[in-house]
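All remarks here apply to the structure that follows.
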Amino acid sequence: FEISMLMYDVKQCSCCGRTQPGYVDPYFPKDVPFDWKHLMNKTHSAWHCTCDGFCKGSQFYGAKKRTEINLFQTKHGGETPWDFLGVDKNEPNAIPRDINCANWHI
C-alpha cells in the first residue's frame, strides 16, 4: 500500500489549466474485480500551435494521431509540428488532459 501511494504523478492540462493527480503504476492489473476510475484520467501528449493562421491563436494536435499530424502539415505549408514550432520531435510541447478540452483539434 505504501509503495502504491507513491505511484501518482501530478500534471496540469495545457488547454484548460486543470491540475490533478493521476495513478501511473504500469503494473497495476487490468483485470481487477472492481471498476476503479478515481484518479485514473490519462493525459495525452500533443503539439500546441499558437499561430494566427489556421490555428487562430491556440490549437492542439495529438502527438500520436497521424491524421492530426497530416492535417497540421496540410495547413502549415507541409511542415511537421516539431519543425514549424522549432522543438525536438520527441518532446511534444503540451499535455491536454483529454480530447474534450476546448482547443483539442478533432
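Keep in mind the model is a prediction, meaning the values are calculated, not measured. The figures here come from the full heavy-atom set of this structure, side chains too, leaving out hydrogens, waters and symmetry mates.
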TODO: Rounded to the nearest 0.5 Å, what's the gap from NZ on Lys56 to SG on Cys49? Could you check?
DONE: 12.0 Å
Task: Between SG on residue Cys55 and OH on residue Tyr61, distance to nearest 0.5 Å - done: 3.0 Å
Distance-only donor-acceptor pairs under 3.5 Å for side chains of residues 71-78, two or more places apart:
| from | atom 1 | to | atom 2 | distance (Å) |
| --- | --- | --- | --- | --- |
| Gln73 | OE1 | Arg66 | NH2 | 3.4 |
| Thr74 | OG1 | Asn70 | O | 2.9 |
| His76 | ND1 | Phe72 | O | 2.8 |

- [ ] First locate atom CD of Glu91, then atom CH2 of Trp47, and finally report the distance between them rounded to the nearest 0.5 Å.
- [x] 8.0 Å
Task: Nearest non-hydrogen partners of Glu68 and Gly62, listed with the distance - done: OE1-N, 2.5 Å
Distance-only donor-acceptor hits, side chain of residues 79-90, under 3.5 Å, sequence neighbours excluded:
| from | atom 1 | to | atom 2 | distance (Å) |
| --- | --- | --- | --- | --- |
| Thr80 | OG1 | Trp82 | NE1 | 3.0 |
| Thr80 | OG1 | Asp83 | N | 3.4 |
| Thr80 | OG1 | Asp83 | OD2 | 3.0 |
| Asp88 | OD1 | Asn90 | N | 2.7 |

